Amino acid sequence: MTLEEKQLLLDRRYLRMASIWAENSYCNRRRVGALLVKDKMIISDGYNGTPAGFDNICEDEHGMTHPYVLHAEANAITKVAQSNNSSSGSTLYVTTSPCMECSKLIIQAGIERVVFTELYRIADGVELLRKAGVRVDQIALK
């Protein structure tokens, strides 16, 4: 097995784990999971949801997402910021491609690579990541 094949195998495993992690989300419109991996170790995780101390209700009575709901990527990045780990040089595995706001956080956190499964309808975040030199890969789960 080549190095590329081994990496693809690992990428798909981490994406499946991020997909399982997304099941923790209370959001109805979309459930997203994220894992931060460095040196083949998961250093942080996140899923989309409300900030600590808020009710786990992501949408209003009209089905619109509350503006204070955190994305999975933001949760993973802020979680690692509270730990003794550094996200610099890590890979972010996320079930849906990052938005513009999360992409800015990814760049500032020193994350070198982003791997996702589903391309979100607005791709400006992916474009920003590539412009910043972050490697971005979309990989289908099998």
Side-chain angles (χ1 to χ4, degrees), residues 1 4-142:
M1 185 177 284
E4 291 83 16
E5 291 169 330
K6 286 181 183 178
Q7 185 61 56
L8 182 60
L9 189 65
L10 274 176
D11 289 343
R12 286 197 171 120
R13 285 179 181 157
Y14 286 128
L15 284 170
R16 283 196 308 271
M17 292 170 71
S19 177
I20 290 168
W21 203 244
E23 295 174 14
N24 289 317
S25 174
Y26 287 89
C27 297
N28 295 318
R29 291 182 66 197
R30 178 183 298 268
R31 291 185 172 150
V32 180
L35 295 177
L36 258 176
V37 177
K38 188 172 180 177
D39 300 324
K40 296 184 183 176
M41 291 184 296
I42 298 169
I43 60 169
S44 189
D45 54 56
Y47 52 89
N48 57 325
T50 58
F54 282 66
D55 289 334
N56 288 320
I57 300 169
C58 297
E59 295 88 7
D60 64 19
E61 62 275 0
H62 304 290
M64 299 303 294
T65 302
H66 290 298
Y68 52 82
V69 169
L70 289 162
H71 290 185
E73 305 94 319
N75 266 325
I77 291 168
T78 56
K79 195 174 185 180
V80 78
Q82 293 179 329
S83 73
N84 292 327
N85 287 314
S86 168
S87 56
S88 184
S90 65
T91 297
L92 177 70
Y93 292 90
V94 62
T95 55
T96 304
S97 62
C99 70
M100 178 62 80
E101 292 303 310
C102 288
S103 293
K104 290 188 270 186
L105 292 174
I106 290 164
I107 293 163
Q108 290 302 100
I111 295 168
E112 290 184 352
R113 183 172 177 236
V114 174
V115 182
F116 66 91
T117 303
E118 180 184 345
L119 183 63
Y120 188 61
R121 61 182 169 81
I122 303 169
D124 57 356
V126 171
E127 293 168 19
L128 181 69
L129 290 171
R130 288 188 172 130
K131 186 175 183 178
V134 176
R135 182 175 160 196
V136 180
D137 296 312
Q138 182 177 9
I139 298 175
L141 290 180
K142 287 188 174 181

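Since we're looking at a predicted model, the values are computed, not measured. Throughout, residue positions are numbered sequentially from 1 according to the sequence presented.
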Side chains of residues 97-104: which donor-acceptor pairs under 3.5 Å do they make with residues two or more places apart or in other chains?
unit_1	atom_1	unit_2	atom_2	d
Ser97	OG	Tyr120	N	2.8
Glu101	OE1	Lys104	NZ	3.4
Glu101	OE2	Lys104	NZ	3.0
Ser103	OG	Cys99	O	2.8
Ser103	OG	Gly125	O	3.0

Review point. Hey, are the side chains of Asp55 and Thr50 touching, using non-hydrogen atoms and a 4.5 Å cut-off?
Key: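 No; the side chains remain at least 4.5 Å from each other.
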Exercise for review: Indicate yes or no: at least one non-hydrogen side-chain atom of Val126 is less than 4.5 angstrom from one of Arg130.
Suggested key: yes
With sequence neighbours excluded, tell me which residues meet side-chain contact (heavy atoms from CB on, under 4.5 Å) with [X].
{"X": "Glu5", "answer": "Met1, Thr2"}
{"X": "Asn84", "answer": "none"}
{"X": "Thr117", "answer": "Leu15, Leu141"}

Please output the side-chain donor-acceptor pairs of residues 65-81 that fall under 3.5 Å, not counting sequence neighbours, one pair per line with the distance.
unit_1	atom_1	unit_2	atom_2	d
Thr65	OG1	Arg29	NH1	3.2
His66	NE2	Glu59	O	3.3
Asn75	ND2	Tyr47	O	2.7
Thr78	OG1	Ala74	O	2.8
Thr78	OG1	Asn75	O	3.2
Lys79	NZ	Asp45	OD1	2.4

Just how far is it from atom [atom1] of [X] to atom [atom2] of [Y], taken to the nearest 0.5 Å?
{"X": "Thr95", "Y": "Ile20", "atom1": "OG1", "atom2": "CD1", "answer": "12.0 Å"}
{"X": "Ile139", "Y": "Tyr14", "atom1": "CD1", "atom2": "OH", "answer": "13.0 Å"}
{"X": "Leu8", "Y": "Lys6", "atom1": "CG", "atom2": "NZ", "answer": "13.5 Å"}

Point to revise | Sequence neighbours excluded - disulfide bond (SG atoms under 2.5 Å apart) pairs with any residue from residues 11-80 | key: Cys27-Cys58
Listed partners of [X] passing side chain to side chain donor-acceptor pair (under 3.5 Å), at least two apart:
{"X": "Arg135", "result": "Asp137"}
{"X": "Glu118", "result": "Arg30"}
{"X": "Ser25", "result": "Asn48"}

Under 3.5 Å donor-acceptor pairs involving side-chain atoms of residues 33-43, not counting sequence neighbours:
unit_1	atom_1	unit_2	atom_2	d
Lys38	NZ	Ser86	O	3.2
Lys38	NZ	Ser88	O	2.9

Review point. More than 12 heavy atoms of other residues, nucleotides or ligands under 6.0 Å from CD of Gln108: is that the case?
Key: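 Result for CD/Gln108: open.
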Review point. Hey, which of Val136, Leu92, Leu128 is the one that makes side-chain contact (heavy atoms from CB on, under 4.5 Å) with Ile106?
Key: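 Testing each of Val136, Leu92, Leu128 against Ile106, the sole residue satisfying side-chain contact (heavy atoms from CB on, under 4.5 Å) is Leu92.
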Exercise for review: Please name the pair of heavy atoms, one in Ala123 and one in Leu119, separated by the smallest distance, quoted to 0.1 Å.
Suggested key: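 Ala123 and Leu119 have their closest heavy atoms at CB-CD1, 4.4 Å.
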Check your understanding: Any salt bridge (charged side-chain N to carboxylate O under 4.0 Å, His left out) pairs touching residues 10-19, not counting sequence neighbours?
Key ->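 Pairs touching residues 10-19 that pass the test: Asp11-Arg113.
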Review point. What pairs of residues pass the salt bridge (charged side-chain N to carboxylate O under 4.0 Å, His left out) test when at least one of them lies in residues 81-99, not counting sequence neighbours?
Key: none
